[in-house]
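Just the heavy atoms: all of them, side chains too, but no hydrogens, waters or symmetry mates, feed the values below. Both counts, for ligands and for their atoms, begin at 1 and track the order of listing.
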Amino acid sequence: MGERLDKFLASQGLGTRKEVGKLIRSGAVLVNGAPQRDPGAKVEPGADRVTAQGEEIRYQEFLTIMLNKPAGVLSATEDRRQTTVLDLLPEGLRRRGLFPAGRLDKDTTGLLLITDDGELAHKMLSPKSHVYKQYRAQLDAPVEEADIQAFAAGVAWEGEQYAPARLWVEQDPRAAFVEIREGRFHQVKRMFQARGKTVLQLKRLKIGGLWLDSTLQEGECRLLTPQEIQAIFH
Ligand code: URA
C-alpha cells in the first residue's frame, strides 16, 4: 500500500510532481535514513521517516496556506470570468478541496488563509471561538473618541447589531486599527459607515495570534507550519 513518494512530497507542498521528481532523482530525499531515488517508491505517510535536503517532512493531513491577498481578486474557489484566490496558488500547492477560510472583499488586501481542513476553518470562523481578526482601515476622516466608544459598545446599523469591537489609532488618526471577532458581510466598512466614515482601503493584518508574514508580497503565499496554525487560537 502506501503512497508514491513524489505524490507524497507534492501533497506536503514541496513542489509540483515534476519538481519533486527531480529532487528525488538527485538523491536529496531519504526514506528511513537511506536515499530513495525512485519517485514511484511507496511510502507510508506518517509512519516512514522522510527527509528532503536534510529537513524532516512532518506529515500533515491537511494543508493550510497563508496568502497576502492583492486587491481585485475574489475570495472564491472558482469564477468563470474573474481571478480567484485559488488561481494565485502555485501548482505545487494546489490540490483538491482547498477553499478560502473566510472571505475578504474583492478590494480588501492582506492575510487570507486557504485550507482543506474544514474543522480548522469552522473553528476559526465561529464567533464562539473568539478568534479576533485585525484590520487596518484607511479612512476619509480621523477617528474620534466617540467612534472608539461606539465600536466598544457594539455598532448597530441598518438592522444589524455587530458585536463589540476594538478600535484604535497610532500616529495617523485616519489609519484605524480594528479588531472584530465576527466576519459578517462588509462588516468593517459598514461599521465605519454607521459612524459617517468611509473606508478607502482595507487590509487584514492578523487572525487570532497569527500575523501576516511581512516578507510575503501581495499575491504571494506559503504553507503554514503546525505551530503557526496553533498560534491562530492563542
Ligand atoms: N470587513 C469588510 O468590510 N471587508 C472585508 O473584506 C473584511 C472585513
Side-chain angles (χ1 to χ4, degrees), residues 64-79 82-89 98-115 120-144 147-148 150-170 172-214 216-221 232:
T64 302
I65 298 157
M66 168 192 289
L67 170 72
N68 185 356
K69 180 189 171 296
V73 176
L74 290 186
S75 295
T77 47
E78 53 181 59
D79 191 89
Q82 303 189 61
T83 308
T84 72
V85 290
L86 286 197
D87 296 328
L88 300 181
L89 301 186
L98 287 170
F99 62 93
R103 285 164 184 263
L104 292 177
D105 295 337
K106 188 174 168 187
D107 59 354
T108 301
T109 61
L111 176 56
L112 184 75
L113 298 181
I114 297 170
T115 188
L120 175 78
H122 177 74
K123 226 171 110 188
M124 204 180 94
L125 299 173
S126 159
K128 280 196 209 113
S129 62
H130 291 230
V131 172
Y132 275 86
K133 289 103 192 164
Q134 187 186 124
Y135 295 85
R136 191 180 64 223
Q138 200 61 44
L139 303 174
D140 67 341
V143 169
E144 293 156 282
D147 300 327
I148 295 174
F151 272 46
V155 169
W157 175 245
E158 291 186 337
E160 301 278 341
Q161 175 66 56
Y162 297 106
R166 303 176 191 141
L167 167 62
W168 71 97
V169 292
E170 291 177 3
D172 177 357
R174 291 168 193 253
F177 292 85
V178 185
E179 278 188 353
I180 56 174
R181 64 178 150 87
E182 301 168 302
R184 288 157 68 184
F185 190 59
H186 297 331
Q187 183 166 349
V188 173
K189 292 175 186 164
R190 289 187 167 176
M191 286 167 63
F192 278 110
Q193 238 171 33
R195 301 294 311 160
K197 298 188 165 84
T198 301
V199 173
L200 306 174
Q201 272 178 13
L202 189 62
K203 179 175 185 174
R204 183 155 64 189
L205 306 175
K206 194 181 179 194
I207 298 175
L210 177 71
W211 289 95
L212 174 65
D213 179 341
S214 61
L216 285 183
Q217 303 296 311
E218 282 185 11
E220 289 184 346
C221 63
I232 296 170

- Would you please test Arg190 and Glu160 for salt bridge (Lys or Arg N to Asp or Glu O under 4.0 Å) and show each step? CA-CA 10 Å; Arg190 289 187 167 176; Glu160 301 278 341; 5.1 Å; no
- CG/Leu167 to CD1/Ile180 distance, rounded to the nearest 0.5 angstrom?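 Leu167 CG to Ile180 CD1: 11.5 Å, rounded to 0.5 Å.
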- Message: Taking the basic N atoms (NZ, or NE/NH1/NH2) and the acidic carboxylate oxygens, is any pair closer than 4.0 Å for Arg136 and Glu170?
- Response: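 Answer for the salt bridge query: no.
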- Message: What verdict does the side chain to side chain contact (heavy atoms under 4.5 Å, CB included) test give for Leu139 and Val199, after you've listed the backbone C-alpha separation in whole Å, the side-chain angles of each residue and the deciding distance to 0.1 Å?
- Response: CA-CA 5 Å; Leu139 303 174; Val199 173; 3.9 Å; yes
- Message: Could you work out, with side chain to side chain contact (heavy atoms under 4.5 Å, CB included) as the rule, every residue matching Asp107, not counting sequence neighbours?
- Response: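 So Asp107 forms a side chain to side chain contact (heavy atoms under 4.5 Å, CB included) with Asp105, Lys189.
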- Quick one: does NZ or CZ of Arg166 land under 6.0 Å from the six-membered ring centre of Tyr132, within 45 degrees of the ring axis?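 Relative to the ring axis of Tyr132, which defines the angle, Arg166 lies inside both limits.
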- Message: Using a 4.0 Å cut-off on heavy atoms, what residues surround ligand 1? Order them by chain and number.
- Response: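 The 4.0 Å shell around ligand 1 contains Leu104, Asp105, Thr108, Tyr135, His186, Gln187, Val188, Lys189, Leu202.
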